Enquirer: 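Okay, handing you the structure first.
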2 protein chains.
Amino acid sequence: MIPDPFSYLPTDASRTIDIQKGDVLFRQNETTSGLYHVVSGCVTLQRSSELGNTLTLHRAVSGGYFAEASVFSMIYHCDAICTEAGSVVKIAKTDILSAMQSDPMFSERFTRLLAVQVQQYRSHIELLAILSAKERTLAAVQAGYYDSTVIELATRINLSHEACYRALRTLCNDGIMTKIGRGRYVLL
Amino acid sequence: MIPDPFSYLPTDASRTIDIQKGDVLFRQNETTSGLYHVVSGCVTLQRSSELGNTLTLHRAVSGGYFAEASVFSMIYHCDAICTEAGSVVKIAKTDILSAMQSDPMFSERFTRLLAVQVQQYRSHIELLAILSAKERTLAAVQAGYYDSTVIELATRINLSHEACYRALRTLCNDGIMTKIGRGRYVLL
DNA sequence: GGTATCATATGATCAAAATCATATTCGATT
DNA sequence: AATCGAATATGATTTTGATCATATGATACC
């Protein structure tokens, strides 16, 4: 378990924001102001290409962080959109940078957070390299990606939801997974 | 340009290693000892799945670094294989951690290095989400991925090399790229 | 209670990339 | 010079996932 690096920050520097489903916390190309901690709810980082098809790059749930890398960037590189109501705490860029100057312990923990992200992205890229829809879906479920809807799972792993439904059905037929209800599949 | 964070480290803590094509610097699941700086040559980080098909996760050339995230990990998560002869400098995990304790400037620069990686991986995931072989190949070339062989480009972007060759040919026919020689394609 | 919306689910069709096959060229090695 | 291996290149075939269409169950909202 990674210790929370931000417990080291002065509390008055943070402020809590209540969020509703659909709320936009920031958009691509906007000037960065800081990173966020998710207290409750869910926020996804996504990029929309020319033709409306959105791509989920990160999904932060309760206890998670997002936009950590923005601290070293002038602009945000994706949209942050709330997909589940809750609240987030915004931590200002300047606070992070000054905490890194003054507190080596904070530095190490914050850096660790980024290192974990790097490894997560590597795993994700490895997952996307799996050609077969069935195999990719299985790997995603095993990796814990399936914590919401099938459609959400499908978009995260670059599959059409139809292909994902079929993959889940096949995995059930193969005796690798079981359907425990409408839209509820679990590994055996 | 990112300042080199490692100029802050004591030089006697590093040692240069000459590498030949095919050399393995570390393998997946080996205990981490540190990160590397590429002086010359090329090293790829790759993971091999059950069935021999290798996946390139990172490619470090002269001036680059690799295995930065290993500083916070017990084991390496992929293989480091030399694809072009040259030399690398190994920087010990303990040196990084102690430098982070004592030098806030180093901390910031090292963290920045990781933040850049996070953004690169995000871009890569975005690239992989492009369905069309032609579009994906074009995006990859524009992003500077094509600096070696077509086969290497193809594997990096999860395409069969045949599909990649065809994509390049189509892009030439479309007047978007030009063939300037055997296995040499450039953007117009 | 009725309606709208969304996730679930599956069938049918089509486009496109993987795969298989094969030929050529280049560079390295013997 | 001959051989080998690897990259380049393209054609033919097959597989498979995207797309389109459609139906249903659940939830939210008025």
Side-chain angles (χ1 to χ4, degrees), chain A residues 20-22 42 44 49 51-56 81 83-85 127-141 146-174 177-186, chain B residues 20-22 42 44 49 51-56 81 83-85 127-141 146-174 177-186:
Chain A
Q20 299 302 318
K21 187 171 174 179
C42 178
T44 60
S49 59
L51 261 157
N53 38 0
T54 56
L55 172 68
T56 303
I81 295 174
T83 54
E84 217 175 285
L127 185 73
L128 296 181
I130 301 172
L131 287 181
S132 152
K134 177 179 145 189
E135 300 294 328
R136 197 193 304 170
T137 302
L138 176 59
V141 172
Y146 180 37
D147 55 1
S148 167
T149 69
V150 175
I151 291 181
E152 192 270 337
L153 169 68
T155 54
R156 269 169 91 180
I157 63 175
N158 289 357
L159 277 183
S160 67
H161 59 91
E162 294 96 329
C164 200
Y165 280 119
R166 278 184 250 271
L168 288 167
R169 184 173 39 156
T170 310
L171 288 165
C172 288
N173 291 342
D174 290 0
M177 297 187 69
T178 323
K179 187 172 181 172
I180 56 167
R182 184 183 164 77
R184 307 277 310 160
Y185 302 86
V186 288
Chain B
Q20 298 302 318
K21 187 172 174 178
C42 178
T44 60
S49 59
L51 261 157
N53 38 0
T54 56
L55 171 68
T56 304
I81 296 174
T83 54
E84 216 175 286
L127 185 74
L128 296 180
I130 301 172
L131 287 181
S132 152
K134 177 179 145 190
E135 301 294 328
R136 198 193 304 168
T137 303
L138 176 59
V141 172
Y146 181 38
D147 55 1
S148 167
T149 68
V150 176
I151 291 182
E152 192 269 339
L153 170 67
T155 54
R156 270 169 92 180
I157 62 174
N158 290 356
L159 277 183
S160 67
H161 59 91
E162 293 96 329
C164 200
Y165 279 118
R166 278 183 251 270
L168 287 167
R169 184 174 39 157
T170 311
L171 287 165
C172 288
N173 291 342
D174 290 359
M177 296 186 69
T178 324
K179 187 172 181 172
I180 57 166
R182 183 182 163 80
R184 308 277 310 159
Y185 301 86
V186 288

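Quick caveat, the model's predicted, so the values are computed rather than measured. Below, chain A is the first sequence line, B the second, and so on; all start at residue 1.
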Enquirer: Can you tell me the distance, in whole Å, between the CZ atom of B:Arg184 and the P atom of D:dA7?
Expert: 15 Å

Enquirer: Which heavy-atom pair separates A:Ala140 from A:Leu127 by the least distance, and what is that distance?
Expert: N-CD1, 3.6 Å

Enquirer: Given D:dG17, D:dT19, C:dT8, identify the nucleotide with an atom nearest to the side chain of A:Ser132.
Expert: D:dG17

Enquirer: Distance check needed: D:dT24 C1' versus A:Glu162 CD, whole Å only.
Expert: 16 Å

Enquirer: For B:Tyr165 and D:dT8, is the shortest distance between a side-chain N/O and OP1 or OP2 below 4.0 Å?
Expert: yes

Enquirer: Select base, sugar-phosphate, or nothing to describe what A:Lys179 touches, counting heavy atoms under 4.0 Å on all strands.
Expert: sugar-phosphate

Enquirer: Let's test your reading of the model: under 3.5 Å, does the base of D:dA9 pair with the side chain of B:Arg166 as donor and acceptor?
Expert: no

Enquirer: Rounded to whole Å, please give me the gap between CG in B:Leu168 and C1' in D:dA7.
Expert: 13 Å

Enquirer: Go nucleotide by nucleotide along DNA chain D from the 5' end; which of A:Asn158 and B:Arg169 gets its closest nucleotide reached first?
Expert: B:Arg169

Enquirer: What is the minimum heavy-atom distance between A:His161 and A:Ala154, and which atoms define it?
Expert: CA-CB, 3.6 Å

Enquirer: Once hydrogens and angles are ignored, does a donor-acceptor distance under 3.5 Å link the base of D:dA7 to the side chain of B:Arg182?
Expert: yes

Enquirer: Would you find a donor on one side and an acceptor on the other, under 3.5 Å apart, between the side chain of B:Ser132 and the backbone of B:Lys134?
Expert: yes

Enquirer: Whole angstrom is fine here: how far is it from CE in B:Met177 over to P in D:dA9?
Expert: 12 Å

Enquirer: Respond yes when some side-chain nitrogen or oxygen of A:Tyr185 is under 4.0 Å from OP1 or OP2 of C:dA9, and no when none is.
Expert: yes

Enquirer: Round to the nearest Å and state the distance from B:Leu131 atom CG to C:dA17 atom P.
Expert: 8 Å

Enquirer: Please name the residue in the list A:Leu128, A:Val150, A:Thr137 that meets the side chain to side chain contact (heavy atoms under 4.5 Å, CB included) test with A:Leu159.
Expert: A:Thr137

Enquirer: Can you check the B:His161 NE2 to C:dT19 P distance for me, whole Å?
Expert: 10 Å

Enquirer: Please determine whether a side-chain nitrogen of the Lys or Arg among B:Arg156 and B:Glu152 lies less than 4.0 Å from a carboxylate oxygen of the Asp or Glu.
Expert: yes

Enquirer: Contact class for A:Thr149 (heavy atom, under 4.0 Å): base, sugar-phosphate, or nothing?
Expert: sugar-phosphate

Enquirer: Can you measure B:Arg136 atom CZ to C:dA17 atom C1' for me and round it to whole angstrom units?
Expert: 9 Å

Enquirer: Mind calculating the distance between CG (A:Asn173) and C1' (C:dT10) to the nearest angstrom?
Expert: 13 Å

